[in-house]
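Worksheet for the structure shown next.
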Amino acid sequence: MGYIIKNIKALVQTESEFITFRAGEAMKNLPFIENAFLVVVGDKIFDYGGMSEFSIKKYASVKEKLEVIDATGKMVFPSFCDSHTHIVYAGSREKEYVDKIKGLSYEEIAKRGGGILNSAKRLHEATEDELFEDAMLRLQEMASYGTGAVEIKSGYGLNMEDELKMLRVIRRLKESSPLTIKSNFLGAHAVPMEYRGNQSGYVDLIINEMIPLIAAENLADFVDVFCDKGFFTVEETERILMQGIKYGLKPKIHANELDYSGGIQVGVKYGALSVDHLEYTGDEEIEALLHSETMPTILPGAAFFLRLPLAPARKMINAGLPIAMASDFNPGSSPSGNMQLVLSMACIVFRLLPEEAVNAVTLNSAYAMGVQDELGTITRGKIANFFITKPIPSIEYMPYSYGDNKVEQIFLNGEKIAF
Ligand code: NIG
Ligand code: FE
């Protein structure tokens with residue numbers, strides 16, 4: 001099966017080359033074609049161009065039946081890549097949300113056994129099937145807002161059995177969801193109760209037992225550490241990353257959300273694919289990132305929900321860095337996977353131009369989860385994950401009109417998705 005989508009008001013993020021990401025000034029570059037067509041064959045983008053060049057004869061040799069869709073007044077964007085989520089979880093945490101409104105800080109809630117440990121307790125009580133079904137619904141909801149690829153972390157298990165349970169759920173999601181999914185082992189998300197006072201014992205467990213077993217079962221693509229004040233130190237992070245790398249897991253870490261933790265530097269030192277959060281990013285951190293291939297990733301949902309100081313996105317781009325943005329969908333600090341909202345916050349809160357913001361949630365976030373060769377742009381040969389919008393007046397309207405869903409039709413792997 002295939003599709004010819006014609007009369008597209010604007011086909012956005014077209015790129016003939018396979019590029020890695022856009023950085024600095026180049027983040028303002030968002031190529032698009034007005035009055036365009038897009039041809040999909042099988043699960044891939046086959047061709048695209050301006051309607052004036054369109055000729056059906058060109059596709060005569062294509063064996064698949066090509067259904068024609070008229071997209072007059074509508075735009076096409078590549079699906080969003082959400083490179084940082086924690087969508088496998090049990091229950092919600094709105095009680096803590098009210099505690100926060102009453103004035104308790106994220107760290108105070110965590111110290112009382114709330115926060116991540118609260119989710120760990122509930123995850124322990126949930127079955128694999130329950131976790132799978134809940135996460136599947138979240139994926140569908142995210143897809144309905146235009147997301148086509150998701151990185152999912154473990155980290156609410158915090159013991160061997162429950163971390164494995166989470167990672168097996170992620171494996172099932174990979175097998176049964178049409179979205180592209182990457183799996184990240186985040187055993188070092190918090191220190192579980194039974195290791196309070198013996199944090200190094202828990203780090204030893206991660207290094208000596210969890211990583212080897214997870215790698216042997218091929219359950220993770222990446223390894224993550226919450227390297228921050230009150231969580232894991234730079235030294236502990238180094239030990240975990242070294243072991244992860246030894247077992248073939250690329251680092252992607254939580255860094256500098258709560259303080260100048262050294263997390264960015266240690267991520268860069270170990271070739272992390274991305275360092276994420278980055279509220280505490282100064283000149284030294286920017287300098288380290290400039291000499292690296294690590295994608296700085298900002299999570300506007302968590303910053304908004306926790307009312308954190310803002311990562312200096314503008315300063316980072318002006319210094320020549322790329323920026324990716326992701327949802328951080330999780331029950332504690334960002335209970336939403338709506339990437340259209342992330343796009344709007346990129347512009348409204350972080351003052352990115354709409355072009356920069358679209359790059360942050362498509363190509364750059366694809367890089368941040370290692371899928372830039374398959375997704376993130378409209379490029380011949382890439383996986384056909386994209387969406388057709390409702391009729392909208394301009395590209396800028398996407399971030400401008402925040403809070404409602406502008407997506408009308410989703411395509412994943414070249415197939416129309418119905419919800
Ligand atoms: O990315 N910062 C650390 N971890 C998550 C929060 C998880 C939770 O509170 O459950 C985050 O924001
Ligand atoms: Fe996170």
Side-chain angles (χ1 to χ4, degrees), residues 82-100 104-124 126 131 134-135 138 150-158 162-163 166 170 182-192 222-232 237 240 251-259 261 263-264 267 272-280 295-311 324-337 342 345 365 368-369:
D82 193 347
S83 62
H84 182 137
T85 82
H86 309 246
I87 61 162
V88 175
Y89 63 83
S92 48
R93 304 215 313 255
E94 61 276 19
K95 207 178 149 318
E96 290 169 20
Y97 160 79
V98 177
D99 285 342
K100 275 182 216 124
L104 289 192
S105 74
Y106 185 67
E107 285 157 294
E108 282 164 339
I109 290 170
K111 279 213 183 85
R112 292 177 170 199
I116 295 165
L117 295 188
N118 184 0
S119 284
K121 186 170 165 288
R122 294 165 93 162
L123 184 124
H124 179 70
L131 292 170
D134 286 356
R138 289 180 194 120
V150 181
E151 180 256 31
I152 311 174
K153 298 171 198 296
S154 71
Y156 292 127
L158 309 182
D162 291 332
E163 283 296 309
M166 286 190 83
I170 300 171
K182 293 284 177 188
S183 169
N184 191 346
F185 169 58
L186 175 58
H189 197 192
V191 178
F222 307 124
V223 61
D224 204 330
V225 178
F226 189 4
C227 180
D228 228 319
K229 190 172 91 185
F231 289 84
F232 293 87
T237 303
I240 295 168
K252 254 177 79 65
I253 70 172
H254 284 72
N256 299 47
E257 176 185 6
L258 307 170
D259 203 354
S261 63
I264 293 177
L273 197 48
S274 72
V275 287
D276 302 18
H277 277 293
L278 315 184
E279 280 73 9
Y280 292 86
M295 179 60 68
T297 301
I298 294 173
L299 309 170
F304 166 69
F305 194 83
L306 300 177
R307 298 169 60 87
L308 298 172
L310 299 179
M325 293 207 179
S327 76
D328 196 16
F329 193 171
N330 76 76
S333 64
S334 187
S336 165
V342 170
M345 286 196 274
S365 54
M369 57 183 290

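Each residue takes its place number in the sequence, starting with 1. Note that ligands are numbered from 1 as they come in the structure, with each ligand's atoms numbered from 1 the same way.
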How open is the angle at the Fe ion (ligand 2) from atom NE2 of His254 over to atom NE2 of His86, rounded to 10 degrees?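 Value returned, to the nearest 10°, is 100°.
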Which atom name does Asp328 have for its N/O/S atom nearest to the Fe ion (ligand 2)?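 For Asp328, the N, O or S atom at the smallest distance from the Fe ion (ligand 2) is OD1.
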The Fe ion (ligand 2) to nearest N/O/S of His277 below 2.8 Å: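 It does not: His277 brings no N, O or S atom closer than 2.8 Å to the Fe ion (ligand 2).
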Would Lys229 and Ser261 count as having a side-chain donor-acceptor pair, cut-off 3.5 Å?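 Checked: Lys229/Ser261 side chains show no N/O donor-acceptor pair below 3.5 Å.
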Hydrogens and angles aside, do His86 and Asp328 bring a side-chain donor and acceptor to less than 3.5 Å of each other?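 Yes, because at least one side-chain N or O of His86 sits under 3.5 Å from a partner of the opposite role on Asp328.
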Between Tyr156 and ligand 1, find which residue part has any heavy-atom pair under 4.0 Å and reply side chain, backbone, both or neither.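 Side chain only.
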What protein heavy atom sits nearest [atom], and how far off is it?
| atom | result |
| --- | --- |
| atom 11 (C) of ligand 1 | Asp328 OD2, 3.1 Å |
| atom 2 (N) of ligand 1 | Glu257 OE1, 2.8 Å |
| atom 5 (C) of ligand 1 | His189 NE2, 3.6 Å |
| atom 12 (O) of ligand 1 | Ser333 OG, 2.5 Å |
| atom 3 (C) of ligand 1 | Phe226 CE2, 3.2 Å |
| atom 6 (C) of ligand 1 | Tyr106 OH, 3.1 Å |

Does the Glu163 side chain pair with the main chain of Gly155, one donor and one acceptor, at a distance under 3.5 Å?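 Yes: the side chain of Glu163 pairs with the backbone of Gly155.
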Indicate yes or no: at least one non-hydrogen side-chain atom of [X] is less than 4.5 angstrom from one of [Y].
| X | Y | value |
| --- | --- | --- |
| Pro300 | Met325 | yes |
| Ile109 | Asp99 | yes |
| Lys182 | Ile152 | no |

Apply side-chain contact (heavy atoms from CB on, under 4.5 Å) to the pair Val225 and Leu186, showing each step before the final yes or no. CA-CA 6 Å; Val225 178; Leu186 175 58; 5.5 Å; no
Taking the ring centre of each residue, are His189 and Tyr156 less than 6.0 Å apart?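 Yes - the distance between ring centres of His189 and Tyr156 falls below the 6.0 Å cut-off.
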Short list, please: which atoms of ligand 1 are under 4.0 Å from a heavy atom of His84?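 So the atoms of ligand 1 that pass are 1 (O).
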Just jot down the ligand 1 atoms closer than 4.0 angstrom to any heavy atom of Ile116, in number order.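 So the answer, numbered in order with elements, is 7 (C), 8 (C), 9 (O), 10 (O).
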